[in-house]
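Reminder, nothing fancy here: chain letters follow the sequence lines and each chain counts from 1.
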Number of protein chains: 2
Amino acid sequence: MNDLKEGVCLSAMWFNHEQCCWTSNETTFAERDKCPQWKSWAELILGQAEGPGSYIMNYFMYIYWALSFAFLAVCLVKVFAPYACGSGIPEIKTILSGFIIRGYLGKWTLMIKTITLVLAVASGLSLGKEGPLVHVACCCGNIFSYLFPKYSKNEAKKREVLSAASAAGVSVAFGAPIGGVLFSLEEVSYYFPLKTLWRSFFAALVAAFVLRSINPFGNSRLVLFYVEYHTPWYLFELIPFILLGVFGGLWGAFFIRANISWCRRRKSTRFGKYPVLEVILVAAITAVVAFPNPYTRQNTSELIKELFTDCGPLESSQLCQYRSQMNGSKAFSDNPNRPSGPGVYAAIWQLCLALIFKIIMTIFTFGLKVPSGLFIPSMAIGAIAGRIVGIAMEQLAYYHHDWFLFKEWCEVGADCITPGLYAMVGAAACLGGVTRMTVSLVVIVFELTGGLEYIVPLMAAVMTSKWVGDAFGREGIYEAHIRLNGYPFLDAKEEFTHTTLAREVMRPRRSDPPLAVLTQDDLTVEELQGVINETSYNGFPVIVSKESQRLVGFALRRDITIALENARRKQEGILLNSRVYFTQHAPTLPADSPRPLKLRSILDMSPFTVTDHTPMEIVVDIFRKLGLRQCLVTHNGIMLGIITKKNILEHLEELKQHKEPLAAAWYYHKKRYPPSHGANGKPRSRVHYVQLICSFQDGRVGEDDDTNQGEEEEEAVRLLDDTDL
Amino acid sequence: MNDLKEGVCLSAMWFNHEQCCWTSNETTFAERDKCPQWKSWAELILGQAEGPGSYIMNYFMYIYWALSFAFLAVCLVKVFAPYACGSGIPEIKTILSGFIIRGYLGKWTLMIKTITLVLAVASGLSLGKEGPLVHVACCCGNIFSYLFPKYSKNEAKKREVLSAASAAGVSVAFGAPIGGVLFSLEEVSYYFPLKTLWRSFFAALVAAFVLRSINPFGNSRLVLFYVEYHTPWYLFELIPFILLGVFGGLWGAFFIRANISWCRRRKSTRFGKYPVLEVILVAAITAVVAFPNPYTRQNTSELIKELFTDCGPLESSQLCQYRSQMNGSKAFSDNPNRPSGPGVYAAIWQLCLALIFKIIMTIFTFGLKVPSGLFIPSMAIGAIAGRIVGIAMEQLAYYHHDWFLFKEWCEVGADCITPGLYAMVGAAACLGGVTRMTVSLVVIVFELTGGLEYIVPLMAAVMTSKWVGDAFGREGIYEAHIRLNGYPFLDAKEEFTHTTLAREVMRPRRSDPPLAVLTQDDLTVEELQGVINETSYNGFPVIVSKESQRLVGFALRRDITIALENARRKQEGILLNSRVYFTQHAPTLPADSPRPLKLRSILDMSPFTVTDHTPMEIVVDIFRKLGLRQCLVTHNGIMLGIITKKNILEHLEELKQHKEPLAAAWYYHKKRYPPSHGANGKPRSRVHYVQLICSFQDGRVGEDDDTNQGEEEEEAVRLLDDTDL
């Protein structure tokens, strides 16, 4: 479908340009692209292959097909499966962290995403198929898991299936089974025990095996961009590799900021209400700008392949039109170290334009309402930048081989620099800058290219890229999109470094109404119903009695509702004033009271608890590692409050915004005036602290101002109370 | 030192055979092994290179050097650093799970292990250097971490450094940085957050980079066994690959059983008291048997390299002496598909003998009191088996290329089967069978060999090997050694599938004396001292009061002791009848009582608690994920007991031994007679259960015997009580 934009194969419509010409009689190597069966649109409609008329005809047909594909894709997504848009990886990350998005992994999403992915890639938009393939694989995993009750009934088990599915998805997308497992481990999955590692490994194995049996590239190889370089790399080359890493990190940081601010504008302004128009517009601009430049016109995967490939004697690409060293003629030369010819200069200009074009278009494309992956565009940008640097290095080494830098290892006429390797390193660096992956990225790239020898350069570039990117913002593109969309995702990577305690985060807060609790044996059905109706909590702690607030267990709202309904329908003698009890044995009741209702079976007798003095650092750690949704807070065995995942996320957000200076002030002063320091005892220093903390909160650090009263001071006093100063 | 067993380089003592002959003038390829500078011992001492006398002389010197090296190694280990023996991986796993072995990662262990590792490998014993290198790397990590207080003061942080160090160790041992990271993740580390993944990655990167800069193999390659195969593999070949996987699994299971039972005998009999003698004996037998067979005489790494390498036209190895197909003469042939010549037959016989020899010797060698790794011997065994299978397949394909199996893809004279690939797959399978690694193993092997194309065969063989091995016993060799040595290690891989509750595992048990607890404000110093002296627990729960046993916190024995000592020394007025309090404010005391002692600062206010109804499945999960050492058990906020890691390990052992039939009986009957089933109410069915469970416990299943009274019945009743039947 991609080649349909340029022409059509007369012998068989469904062949692309290359396949069409396989059966051709034209066996000359240089002419392998041209064969009578393949007709460009101009040839077919105007009957002529050359000339400005045919160029315009081809141009027009290119835009026509691009717009058709893009329109079809966005309409299908909009009408049938709104969840099929985007890469899906942020949502899968959120789902794997325990959140449920109904229908996100359903059969409609699967079908529509599969179809529209083909259309979107064929439309020539600056997007890739790899991310969406992970989503497609997860849909398959989810649908298959419904066949087995063991998996469909247990959310945790289902998440393990999804982890394995995303490994299989990457395994198929890149032909990189081990990279897929690591991608699932590093980027997608939240909780990844060794058991899941083995299962993902097996899933990726089967995926790779089936892929190889189908043999989609016709060369018995799994990988998309197999390359073979013939020269080792030299220590000095680490400098350009690290520079490429810096470029990748900068590009990643810039892309994330630009893309997120564009997506935020789309969400907040009227513009976002016309997704079809937006896709058409972006596709039109892409097609109009892309056609004149051969490097943007061609399929992005093919572009990457060309950039990765080293110039050999058989290479007919413009990038390899070096001047022959021997006789000065402008013929193709197989001499390894080459002065650049006019073809190379032209190619470099076109590559620079392509680089700018790709950078701009990718920012506006990622986030459109069509399936859109980010791997291929990022890699293309890196590969273009890398190839340019590589050619520059090569020419530098050719013209200045007597520099002390080159002297030792680069003799005249020797093949010392491989521009394709630079492209590969650049691609890894840019992808690393955007996604902030490390290990999995290196493994994917070296599975993708077979470049085992070049693992140290790859690692150096990817680490640099991550560091540079992290300096401008800790989030990768997927985390940024999760935050943009407000999904309840507790990032496992970010360290919690604050010093707050569980009691400061738990609900109810001081000003809130008391927590809705149930007592274990002295509620009536009516009272229970009342609690359920008045509140909207998902569950209720059960305590011994109002007097002794000791915690017994936790009951889910859903279970209580169902149990009450069942009791009304089935059990006779249950009235509104029937006693409800969660204990083992029924409480002793007056003789005339109605039959009590036993609800012990719905009581979770082992709710997760922490004490109010537990540092939030530990609470966050527990939530992450055990995948909790809520946790009860007790003090000396007495029920105090509850912390949910949402509370923690709110707390983190609060800390980020305005509480940080407060905490910093408190720490600073605690250190400066330790409790034992004040000779005059507590009261004096307390006032001092309160003042200082308040001034910190107002941003008036260091000023002595006695007018800070009211709410702020109260909070400071509470903070000081809590810290035992 | 390894080549010193065979001869000596006259021009420079420290050159090995190959390096010695590099500078030689003998440039003929076939004669590259022979050069005047290199003298075998017979040449040097007797002055003749050929004949039975010189053979015996060489034989004698070979044994002499082997014994000298082995003796030196075992003496150094015994005298200076007993911890330097073995591979060290079981102990590092235990240390990373939270246990502390003092001195195990110290500077003496580092020095002695480095020296003796060289000696042990040079002595020709059937052991490798890869496992011990992980130990050496961890020693370095541990010593470096003492330079930074952030790491030396925090055990958890130090463990992260050790995880990264073990990745670096494997990275250096195999030249496989990514494999190293995965090895650390899959095999060594207990808790491996993403942060550690990145740091390990960086450590492995630097290790690989430094290794490459040193360039130890003189070929600018990181890897030990770089191979290049020229033919793809075919679907049908998966059958022999899977068979190799089965062989690997069987060998692994057999090796683990045999080795563990031998090590147990060594531990329990007098034989284990003479480690030096044992090493000498094993070294002598190894040397005597190894010398006559060229495949056992040479260095094991070189053997593996030779077995992995495909026969090319330049290969002078005996394994490649095929009969030339063209003219029938017995010359070397570069024809790809070859009938075997006499050299190949001889080689196969020698390989079979070498296989048997390696299998037997490795069982007795692993566990000796010298540094000994298992990777290289296991890989050698697999490589030998694989090469034999490979040659068999090759001959089969040659003589029966018209079989329907070969017909489609193996034409006459075509090179369809690569015996070296079989050796590689076999090596991976055997290593997988012994260690039960999967992903990391595949990555290591393909980093080791550069065989990216062969990832599916490798994965298939490794998975098969793991399944077959697991069928005979779930433990890998390292877990087996951990259990043999009785280290407190809670395996994170094994699933806990039993249905016991926390209250069944916690201490005190029903028959035990009550738990030693402290009350928060009515103990005297004397009483506290008494509790400390009478018990040997590491810590004590603190409760509100004897009447209301609500849990307040947890105080460590060590902290209490130190606090009491400090108080006696520094604080005046602290007498034996001084009140001790853990509360915020001092309790109100009679006027004449001595000054109370505040111990709030040593109270852990956020001890980890679970309720008594928590299933052990969840408790074990919490222990593993949070790395706990103990956990308090409460019921409705009231302190009931404590569960330590040791209790859990004991419980697991109990379940394995005799409780399983009990649990099974209970489950079976609960299912068969659900609570609602008995029409006659509870009493009848309870008796029935008790009887049945008791008969299960006695192994008299199904018999109806009314004499089972006493303790067993009591336990059954308790079990039924606990299950709400």
Side-chain angles (χ1 to χ4, degrees), chain A residues 177-178 181-182 185-186 193-195 197-198 201-202 204-205 208-209 212-213 220-223 232 235 438-439 442-443 446-447 450 452-453 455-456 459-460 463 466 492-493 495 502 544 550-553 584 605-607 609-611 613-615 618 621-622 625-626 634 636-639 724, chain B residues 177-178 181-182 185-186 193-195 197-198 201-202 204-205 208-209 212-213 220-223 232 235 438-439 442-443 446-447 450 452-453 455-456 459-460 463 466 492-493 495 502 544 550-553 584 605-607 609-611 613-615 618 621-622 625-626 634 636-639 724:
Chain A
I178 294 173
V181 173
L182 286 172
L185 164 69
E186 191 180 352
L194 279 179
K195 210 176 47 183
L197 185 74
W198 295 330
F201 183 56
F202 186 68
L205 161 71
F209 179 71
R212 191 188 175 283
S213 307
S220 284
R221 290 194 195 283
L222 278 180
V223 298
L235 202 57
T438 54
V439 192
V442 172
V443 176
F446 98 91
E447 282 193 284
L452 185 75
E453 290 292 297
I455 201 160
V456 172
M459 281 172 132
M463 292 302 303
K466 184 176 159 58
K493 286 174 198 164
E495 261 183 284
V544 171
R550 288 188 283 127
L551 178 67
V552 174
Q584 176 81 41
M605 306 264 287
S606 52
T609 59
V610 294
T611 66
H613 277 83
T614 312
I618 292 176
D621 200 42
I622 293 172
K625 284 194 192 144
L626 303 178
T634 61
N636 293 4
I638 283 171
M639 182 67 209
D724 287 342
Chain B
I178 294 174
V181 173
L182 285 172
L185 164 69
E186 190 179 352
L194 279 178
K195 210 174 49 181
L197 185 74
W198 295 330
F201 183 56
F202 186 69
L205 160 71
F209 180 70
R212 191 188 175 283
S213 307
S220 282
R221 291 196 194 282
L222 279 180
V223 299
L235 202 57
T438 52
V439 192
V442 171
V443 175
F446 98 91
E447 282 192 285
L452 185 74
E453 289 291 299
I455 203 159
V456 171
M459 282 173 131
M463 291 300 306
K466 186 179 157 55
K493 286 175 198 163
E495 260 182 286
V544 171
R550 287 187 285 125
L551 178 67
V552 174
Q584 176 82 41
M605 307 263 286
S606 51
T609 58
V610 294
T611 66
H613 277 85
T614 313
I618 291 176
D621 200 43
I622 293 171
K625 284 191 192 148
L626 303 178
T634 60
N636 293 5
I638 283 170
M639 183 67 208
D724 288 342

I'd like to know which of Val439(A), Asp621(A), Leu182(A), Thr611(A) tops the heavy-atom pair count under 4.5 Å against chain B.
Val439(A)
For Thr609(A), which atoms come within 4.5 Å of any heavy atom of chain B: side chain, backbone, both, or neither?
both
Any chance you could measure Phe201(A), atom CZ, to Met459(B), atom CE, to the nearest 0.5 Å?
4.0 Å
By side-chain hydrogen bond (donor to acceptor under 3.5 Å, both in side chains), which residues pair with Thr438(A), not counting sequence neighbours?
Glu186(A), Trp198(B)
Starting at CG of Leu185(B), measure out to CG of Leu185(A) and round the result to the nearest 0.5 Å.
6.0 Å
With sequence neighbours excluded, tell me which residues meet side-chain hydrogen bond (donor to acceptor under 3.5 Å, both in side chains) with Asn636(B).
none
Please state whether the side chain, the backbone, both or neither of Leu205(A) comes within less than 4.5 Å of a heavy atom of chain B.
both
If you tally heavy-atom pairs under 4.5 Å against chain A, which of Thr634(B), Ile618(B), Val443(B) wins?
Val443(B)
Would you say that Ser606(B) contacts Val610(A) through its side chain, given a criterion of any heavy-atom pair below 4.5 Å between the two side chains?
no
Within this structure, what is the CG-CG distance for the pair Leu626(A) and Leu626(B), rounded to the nearest 0.5 Å?
5.0 Å
